[in-house]
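Presented below is the structure to which this report refers.
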Amino acid sequence: MIRSPMKSRNCFVYILLLYSICLISGVFSLGSVTLERIEIFTTHDWLKYTPTVYFRCQGENKKMLPDVKKKNIVYTFKGEESWQPLTELTDKKCKRCGFYEEDTVGSDDVFDEWEFCPSDFMPPKGRYIRFKGNEFNATFLCPQCKGTAHSSEVPEEKKNNVTVVIIISSIFSVVCIFGAVVGYKYWKRRKREQDQARFLKLFEDGDDIEDEFGLDHM
Ligand SMILES: *[C@@H]1O[C@H](CO)[C@@H](O)[C@H](O)[C@H]1NC(C)=O
């Protein structure tokens, strides 16, 4: 009696899992953005000898760049530093981000603030160079973001992947539903048979009682 609903619930969980995988791998794929290289051309806080530079996207935490201390020096990163990645970008959505410098008095200074878009990352490596005269020159990396708008090859491949996942999950759903129906029918038949058996047993027991009463007294 418990088996049939359990089966369909398992089915449902599998379908949900499959769709989640589909969504994660395709439609809402995340891309980690790392900083590969930065050079600042200026500092804004006259009171401090070394600047405190950070990167931040709107609504997110500050990502401090503890190594960036001097202007006109190129700092390169492996992408594995403790403060990396800078942010995550979803498939199509841009974020408003920027480089800032903490200020001892008043609000923080802005190197630059701009719309950070997945489509800005160029194939083949998913590199994006942002340069602002007299402020900074930074190179970002996002291998998963590359070419969302600049190359037609990658999105096509991605689309195909999504299609395959959708087809597989559809087939799986159909099989699951079919299995649930068959399971339910089987369970119903079993129940009917059991009921019949119990019914017959009732008669047999009745016979036994009759036998006992009838035969024993002879
Ligand atoms: C900024 O950095 C990139 C990458 O190293 C370099 O190719 C480019 O020439 C730099 N641009 C300027 C204006 O310094």
Side-chain angles (χ1 to χ4, degrees), residues 23-162:
L23 289 183
I24 290 163
S25 70
V27 186
F28 294 114
S29 66
L30 282 172
S32 295
V33 179
T34 54
L35 185 65
E36 190 187 35
R37 181 187 177 282
I38 191 169
E39 177 180 4
I40 54 170
F41 304 124
T42 185
T43 57
H44 305 86
D45 191 351
W46 297 104
L47 294 173
K48 269 202 276 186
Y49 180 64
T50 53
T52 310
V53 181
Y54 66 91
F55 176 91
R56 188 175 61 188
C57 291
Q58 230 167 49
E60 293 178 11
N61 292 332
K62 288 180 185 178
K63 295 288 171 136
M64 294 298 188
L65 307 177
D67 307 302
V68 183
K69 292 294 172 208
K70 289 194 163 71
K71 55 183 183 181
N72 301 317
I73 286 184
V74 174
Y75 296 92
T76 54
F77 305 103
K78 281 190 277 194
E80 300 157 352
E81 289 77 12
S82 56
W83 43 269
Q84 301 258 37
L86 290 180
T87 187
E88 306 271 346
L89 285 175
T90 48
D91 229 12
K92 292 235 151 51
K93 204 86 182 142
C94 301
K95 280 184 182 175
R96 193 150 190 88
C97 307
F99 280 113
Y100 309 88
E101 185 186 331
E102 278 186 357
D103 207 308
T104 29
V105 280
S107 57
D108 292 353
D109 303 297
V110 181
F111 282 95
D112 193 15
E113 196 182 82
W114 73 99
E115 287 288 322
F116 210 67
C117 301
S119 57
D120 292 329
F121 293 83
M122 298 290 192
K125 281 212 160 170
R127 193 169 270 137
Y128 166 40
I129 296 168
R130 178 86 187 175
F131 167 75
K132 192 180 177 192
N134 288 332
E135 293 284 349
F136 70 93
N137 184 8
T139 307
F140 303 93
L141 266 182
C142 179
Q144 299 105 305
C145 301
K146 67 175 181 233
T148 13
H150 299 282
S151 126
S152 63
E153 242 174 82
V154 177
E156 200 57 48
E157 198 178 276
K158 212 174 226 179
K159 235 185 269 170
N160 287 343
N161 281 350
V162 172

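Atoms within a ligand are numbered from 1 in the order they appear, just like the ligands themselves.
More than 12 non-hydrogen atoms from other residues, nucleotides or ligands lie less than 6.0 angstrom from CG of Asn72. For Lys132, the NZ atom is densely surrounded, since the number of other residues' heavy atoms within 6.0 Å is greater than 12.
Considering only non-hydrogen protein atoms, atom 3 (C) of ligand 1 sits nearest to Asn137 ND2, 3.7 Å. Residue, atom and distance of the protein heavy atom nearest to atom 7 (O) of ligand 1 are Ile129 CD1, 4.6 Å. The nearest heavy-atom contact from the protein to atom 13 (C) of ligand 1 is Phe131 CE1, 3.3 Å.
At a 3.5 angstrom cut-off on N or O pairs, Arg37 counts as close to ligand 1.
At a distance under 4.0 Å, a protein heavy atom can be found next to atom 5 (O) of ligand 1.
Remark: Thr87 engages Val33, Phe55, Cys57, Glu60, Lys95, Phe116 in a side chain to side chain contact (heavy atoms under 4.5 Å, CB included) (not counting sequence neighbours).
A cation-pi contact, defined as under 6.0 Å to the ring centre and within 45° of the axis, is absent between Arg37 and Tyr75.
Using a cut-off of 4.0 Å between Lys/Arg side-chain N and Asp/Glu carboxylate O, Glu36 and Lys78 are scored as not salt-bridged.
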